[in-house]
Amino acid sequence: MQQAIVEKFEEDVLRCTDPFEIPKIQRIWQSLPQQLSQGNRRFLLSAVEPRTNLRKYGSAMEWLIAHRMVRRVSRVSEPGCPLSGFIDPTAFRLYFSDVGLFSHLCGIEPALREGRPELFPAIRKSLAEHVVLQSLEAQFEEPLHYWSNPKPQTSVDFLANLSGTVVPITVDVAGKSRAPIPRFYRERYGPQTPLCVRFSWRNLGLTGNLLDIPFFLADETRRLMLLALEKLNTDDKNASLA
């Protein structure tokens with residue numbers, strides 16, 4: 001069934017697109033599995049065609065996004081509200097809209113499972129990010145973004161706008177991340193970050209302002225985040241009264 005969906009999409013490209021755009025769309029589409037499985041932290045046009053630019057491939061990429069075959073997650077320079085006001089137009093990530101199609105095109109089983117040593121860490125991380133993104137996109141009005149810093153080189157997987165509060169979100173498939181939010185991010189934006197979220201195989205729990213959510217509860221993320229913020233606010237009020 002997944003192969004039939006892929007073939008149907010390829011037929012749609014040939015039938016509904018400007019003939020000059022067809023090769024560009026195909027090149028982007030074909031480059032994505034390799035880029036994602038290699039763990040590229042942002043979409044690289046150089047992997048599509050050497051020495052090219054966004055001016056040449058921009059319309060083809062927008063076609064894929066408009067037809068809901070891929071999702072774009074833009075980089076923001078600051079975790080402010082709205083996040084769209086801090087977008088860096090030169091840096092973004094592309095994900096497949098469906099994690100099952102991504103698994104199929106990479107030639108692996110579509111299910112994300114714990115303890116899959118035969119899968120390279122980069123592709124396990126990418127699979128987990130697809131699962132989280134596919135679930136969270138339906139729960140938040142503003143699209144998810146990501147944050148990165150060149151020096152020191154560090155990043156946060158996703159940022160979500162929760163009723164005016166920017167929440168950093170990390171995806172940990174290895175289960176070794178004790179401090180999921182980078183130190184540089186905490187030092188610079190800690191006062192404006194009342195809540196952090198980590199997706200992993202850990203049990204559901206709230207430690208300080210870190211909310212751990214297991215992957216299988218991704219569809220409950222927004223509700224759990226609101227509950228966590230409510231509890232943190234109540235604890236702060238009780239502490240101030242004491």
Side-chain angles (χ1 to χ4, degrees), residues 2-80 82-108 120 122-123 125-130 132-134 136-137 140 142-151 153-159 161 171:
Q2 290 171 336
Q3 181 59 29
I5 293 172
V6 172
E7 292 174 357
K8 181 65 176 176
F9 163 69
E10 292 173 348
E11 291 175 4
D12 289 343
V13 172
L14 296 174
R15 184 174 63 252
C16 304
T17 312
D18 184 335
F20 292 102
E21 294 296 308
I22 292 174
K24 301 175 190 177
I25 294 172
Q26 292 173 332
R27 288 176 194 141
I28 294 175
W29 178 256
Q30 292 165 3
S31 79
L32 271 179
Q34 182 180 12
Q35 291 204 48
L36 291 167
S37 62
Q38 290 177 346
N40 288 352
R41 300 313 298 150
R42 64 185 180 90
F43 181 72
L44 301 175
L45 278 172
S46 59
V48 179
E49 180 183 331
R51 297 182 297 278
T52 191
N53 53 50
L54 193 58
R55 179 178 298 178
K56 179 176 180 179
Y57 278 90
S59 58
M61 184 182 67
E62 294 297 336
W63 192 95
L64 284 165
I65 295 169
H67 286 77
R68 299 185 179 181
M69 295 308 296
V70 301
R71 287 189 173 97
R72 174 173 50 203
V73 177
S74 299
R75 176 187 177 274
V76 292
S77 57
E78 301 282 341
L83 288 165
S84 57
F86 300 88
I87 287 178
D88 174 3
T90 65
F92 53 88
R93 298 172 181 171
L94 290 184
Y95 294 87
F96 286 98
S97 293
D98 181 80
V99 66
L101 290 184
F102 171 49
S103 302
H104 174 74
L105 291 168
C106 289
I108 59 177
F120 291 113
I123 200 168
K125 169 78 168 177
S126 187
L127 275 169
E129 288 180 1
H130 273 77
V132 171
L133 178 62
Q134 184 172 329
L136 267 58
E137 281 286 331
F140 295 90
E142 185 176 5
L144 269 65
H145 299 73
Y146 78 96
W147 172 89
S148 66
N149 188 74
K151 292 182 181 181
Q153 187 173 4
T154 184
S155 65
V156 174
D157 294 326
F158 300 112
L159 296 176
N161 182 355
V171 178

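Computation of the quantities below employed the complete heavy-atom set of this structure, encompassing side-chain atoms and omitting hydrogens, waters and symmetry-equivalent molecules. What you are looking at is a predicted structure, and each value in this text was computed from that prediction instead of being measured.
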Examine distances only and state if a side-chain atom of [X] and a backbone atom of [Y] form a donor-acceptor pair shorter than 3.5 Å.
X: Gln35; Y: Phe43; answer: no
X: Ser97; Y: Arg68; answer: yes
X: Arg75; Y: Ser148; answer: yes
X: His130; Y: Ser126; answer: yes
X: Glu142; Y: Ser84; answer: yes

Given side chains that start at C-beta, do those of [X] and [Y] come closer than 4.5 Å, heavy atoms only?
X: Glu62; Y: Arg72; answer: yes
X: Phe158; Y: Val132; answer: yes
X: Asp12; Y: His67; answer: no
X: Leu36; Y: Glu129; answer: no
X: Met69; Y: Val6; answer: no

Give me the ring orientation class for Phe9 and Trp29: parallel if the planes are under 30° apart, tilted from 30 to 60°, perpendicular past 60°.
tilted
Anything under 30° is parallel, anything over 60° is perpendicular, the rest tilted; go ahead and classify Phe96 against Phe102.
parallel
Identify the heavy atoms of [X] and [Y] that sit nearest to each other, and give their distance.
X: Ile28; Y: Val48; answer: N-CG1, 4.1 Å
X: Val171; Y: Asp157; answer: N-OD2, 2.8 Å
X: Gly100; Y: Asp98; answer: N-OD2, 2.9 Å

If you draw the axis of the six-membered ring of Tyr146, does the NZ or CZ of Arg93 fall within 45° of it and under 6.0 Å from the ring centre?
yes
Separation between CG (Leu32) and CG (Leu105), nearest 0.5 Å, reads 9.0 Å
Tell me, with the steps shown, if His145 and Asp88 meet side-chain contact (heavy atoms from CB on, under 4.5 Å).
CA-CA 10 Å; His145 299 73; Asp88 174 3; over 6 Å; no
Would you sort out whether Leu54 and Phe92 count as a side-chain contact (heavy atoms from CB on, under 4.5 Å), showing the intermediate values?
CA-CA 11 Å; Leu54 193 58; Phe92 53 88; 4.1 Å; yes
Taking CD in Gln3 as the centre, count heavy atoms belonging to other residues, nucleotides or ligands within less than 6.0 Å. Is the count above 12?
yes
Crowded around Arg15 CZ? As in, over 12 foreign heavy atoms under 6.0 Å?
yes
Audit row: Trp63, Lys24, side-chain contact (heavy atoms from CB on, under 4.5 Å) steps and yes/no
CA-CA 10 Å; Trp63 192 95; Lys24 301 175 190 177; over 6 Å; no
